[in-house]
Number of protein chains: 2
Amino acid sequence: MPVSVTSRALDTRFDRRLAEILDYATEIFAEKGYEGASMRDLSRLSGISLAGLYYYFESKEKLLYFIQQHTFTTIIERLRERLAATTDPEARLRIFVRNHVDYSVAKQKAMKVLAHEDDVLKNGYGTELAATKREYYRICVGLVEGLVKADGLKSVGSNAAATGGINTRTAVMGLFGMMNWLYTWYNPRVDPDAEVLAREISDIFLRGIRAGKMASKPSIDSLQREPVGRPEKKPDSSKETTSSGKRRK
Amino acid sequence: MPVSVTSRALDTRFDRRLAEILDYATEIFAEKGYEGASMRDLSRLSGISLAGLYYYFESKEKLLYFIQQHTFTTIIERLRERLAATTDPEARLRIFVRNHVDYSVAKQKAMKVLAHEDDVLKNGYGTELAATKREYYRICVGLVEGLVKADGLKSVGSNAAATGGINTRTAVMGLFGMMNWLYTWYNPRVDPDAEVLAREISDIFLRGIRAGKMASKPSIDSLQREPVGRPEKKPDSSKETTSSGKRRK
DNA sequence: CTAAAATTAGAACGAACGTTCGAAGAACCG
DNA sequence: CGGTTCTTCGAACGTTCGTTCTAATTTTAG
């Protein structure tokens with residue numbers, strides 16, 4: 001019977017062993033992808049027999065769930081601790097970025113698994129993870145809105161706010177993009193450390209969403225709704241492709 | 001024998017049929033991932049028998065290669081056409097973003113496959129795609145450097161340039177992050193169209209890399225080298241994980 | 001030391017995988 | 001019309017997949 005999911009309980013032999021296996025699993029999932037990695041790969045890497053693995057978890061799916069859930073909750077946990085330190089909007093946003101970048105740099109593989117195998121888990125664990133993810137997203141939106149409010153003015157409407165002429169959702173997703181893309185390119189040997197990196201990303205974002213003398217139009221947009229998706233038949237008009245092949249022997 | 005890979009040659013029946021299959025393949029690869037999707041899935045979706053598929057291409061791997069190579073070269077092709085229109089640095093950067101966003105919105109699934117199955121292909125096709133990708137990346141770096149130069153000053157050093165205090169590589173990767181993350185969240189029914197989206201992303205990026213009155217330190221950094229990676233043993237000190245499991249019946 | 005509990009692993013399960021083969025059907029050209 | 005070429009497919013190939021069964025081994029506690 002499952003007990004907890006958070007950090008505690010590294011005490012028992014069982015938990016320590018499971019944690020070790022999860023690290024190995026994170027490694028191959030990051031390397032070969034969830035579907036591409038086999039339990040036999042994990043067996044080989046961990047040195048535990050194929051059947052032996054199943055003493056610690058009940059399925060490959062649950063293995064992925066453990067990894068993702070732990071990664072997510074740890075990030076949020078640490079964020080909450082750090083955010084308690086200040087109420088200044090800009091400082092809080094910088095803390096958010098710093099926290100995310102810190103974890104991405106320290107646990108690059110776990111972040112890759114989190115970002116890469118995002119929509120693998122289905123109805124059971126999938127919805128729970130989606131909720132955790134939404135929670136994290138909402139924290140970020142809250143920080144950005146706090147920032148917009150603190151800067152005074154420039155906010156247009158209530159849910160379709162404009163940040164320097166930029167939709168809040170777009171801005172937040174842009175920030176997540178910069179941070180979550182890290183795993184594809186970050187190389188500790190040539191790239192700045194987490195502190196510098198977080199500052200650079202924060203700078204781009206903060207300057208980016210604040211109004212300045214723009215080259216194009218200042219900000220006349222305010223017509224963007226929130227995500228409430230109504231069901232509908234999607235036409236999806238995409239066609240066109242390549243040619244070339246083998247053409248029969 | 002393979003002939004071309006670019007846009008032409010939708011003439012023959014063979015090419016038209018292959019193009020159709022590639023569209024179906026893009027769809028399931030986007031939905032289930034390359035490893036997760038089976039040839040039987042593709043057979044079912046396309047209505048072509050399992051064996052019949054192999055008349056048009058020689059392996060699942062080649063299928064992925066076709067999709068990725070075509071997507072990449074099309075984007076670059078269109079970009080080159082559009083860039084010919086102007087020499088103004090800012091306008092050119094905006095064209096780059098617009099072109100990328102346009103394609104991402106119009107061919108969301110293809111972009112997902114491109115971004116998601118980035119490191120699946122190995123030595124043969126893999127290196128060719130990597131070269132194409134690097135070419136695209138270099139175009140973007142060129143545009144950003146042109147922008148920095150046009151803004152005058154602020155450039156520090158030659159390869160470790162500072163754009164408003166931000167490493168060029170970081171800035172470019174941040175931009176790619178914003179654009180390539182699109183496929184994870186963009187919803188045509190609630191989000192701005194490509195034009196608006198491209199403008200918002202460009203605005204964030206352009207304001208972001210230009211110096212302004214900052215809240216924190218202005219820009220004293222200039223100590224970041226370029227990617228020249230020397231081979232070395234990576235220690236990779238990451239440990240720590242979750243607990244909880246089933247604990248034997 | 002002994003007995004119970006926790007932990008490991010060899011071997012095998014059915015299912016699904018990518019791919020191939022040979023023959024049958026459809027289209028084309030004289 | 002007949003003959004050649006292009007296109008399609010059912011059936012099967014060998015392999016690998018996630019998972020389970022059962023028994024043996026190791027650890028723990030009295």
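Keep in mind that the numbers below use all heavy atoms, side chains included, and drop hydrogens, waters and symmetry copies. A, B, ... follow the sequence lines: proteins, then strands. Residue 1 opens every chain.
Residue order along DNA chain D, read from the 5' end via each residue's closest nucleotide, puts Gly47(B) first among Gly47(B) and Ala51(A).
One interatomic measurement links the two molecules: CD of Glu20(A) to C1' of dT7(C), which rounds to 14 Å at whole-angstrom precision. Distance CZ (Arg16(A)) to P (dT27(D)): 13 Å, rounded to an integer number of Å. One interatomic measurement links the two molecules: CG of Leu42(B) to P of dT8(D), which rounds to 13 Å at whole-angstrom precision. Remark: P of dA12(D) and CZ of Arg40(B) are 14 Å apart, rounded to the nearest angstrom. In this structure, Glu35(A) places its CD atom 12 Å from C1' of dG18(D), rounding to the nearest Å. Distance Met39(A) CE to dC13(C) C1': 16 Å, rounded to the nearest Å. Between the P atom of dT7(C) and the CG atom of Leu50(A) lies a distance of 19 Å, rounded to the nearest Å. Counting to the nearest Å, the P atom of dT20(D) and the CG atom of Leu53(A) are 13 Å from each other.
Between the side chain of Asn99(A) and the backbone N or O of Ile75(A) there is at least one donor-acceptor pair closer than 3.5 Å. Between the side chain of Tyr186(B) and the backbone N or O of Pro192(B) there is at least one donor-acceptor pair closer than 3.5 Å.
Between Arg13(A) and dT8(C), a side-chain N or O to OP1/OP2 separation shorter than 4.0 Å is present. Distances shorter than 4.0 Å separate none of the side-chain N or O atoms of Arg17(B) from OP1 or OP2 on dC6(D). Under 4.0 angstrom from either OP1 or OP2 of dA16(C) there lies no side-chain N or O belonging to Ser38(B). Taking side-chain N and O atoms only, Tyr56(B) has a distance below 4.0 Å to OP1 or OP2 of dT8(D).
The Ser49(B) side chain lies nearest to dT8(D) when the options are dT8(D), dA12(C), dC21(C). The side chain of Tyr55(A) has dT7(C) as its nearest neighbour among dT7(D), dT7(C), dA12(C).
For the helix from dC1(C)-dG30(D) to dA27(C)-dT4(D), the terminal axes (five pairs an end, C1' atoms, rotation from four pairs onto the next four) enclose an angle of 10°, given to 10 degrees.
Relative orientation of the His116(A) and Tyr183(A) rings is perpendicular, given thresholds of 30° and 60° on the angle between their planes.
Taking the centre and axis of the six-membered ring of Tyr34(B), the NZ or CZ atom of Lys60(B) falls inside the cone set by 45° and 6.0 Å.
Contacts of Ile48(B) with the nucleic acid, taken as non-hydrogen atoms under 4.0 Å apart, involve only primed sugar atoms and P, OP1 or OP2.
Using modelled atom types and a 3.5 Å distance limit, the side chains of Gln68(B) and Glu117(B) yield no donor-acceptor pair.
Between Arg78(B) and Asp102(B), no side-chain nitrogen of the basic residue sits less than 4.0 Å from a carboxylate oxygen of the acidic one, so the salt-bridge criterion is not met.
Under the 6.0 Å cut-off for aromatic ring centres, Phe96(A) and Tyr136(A) qualify, their centroids lying closer than that.
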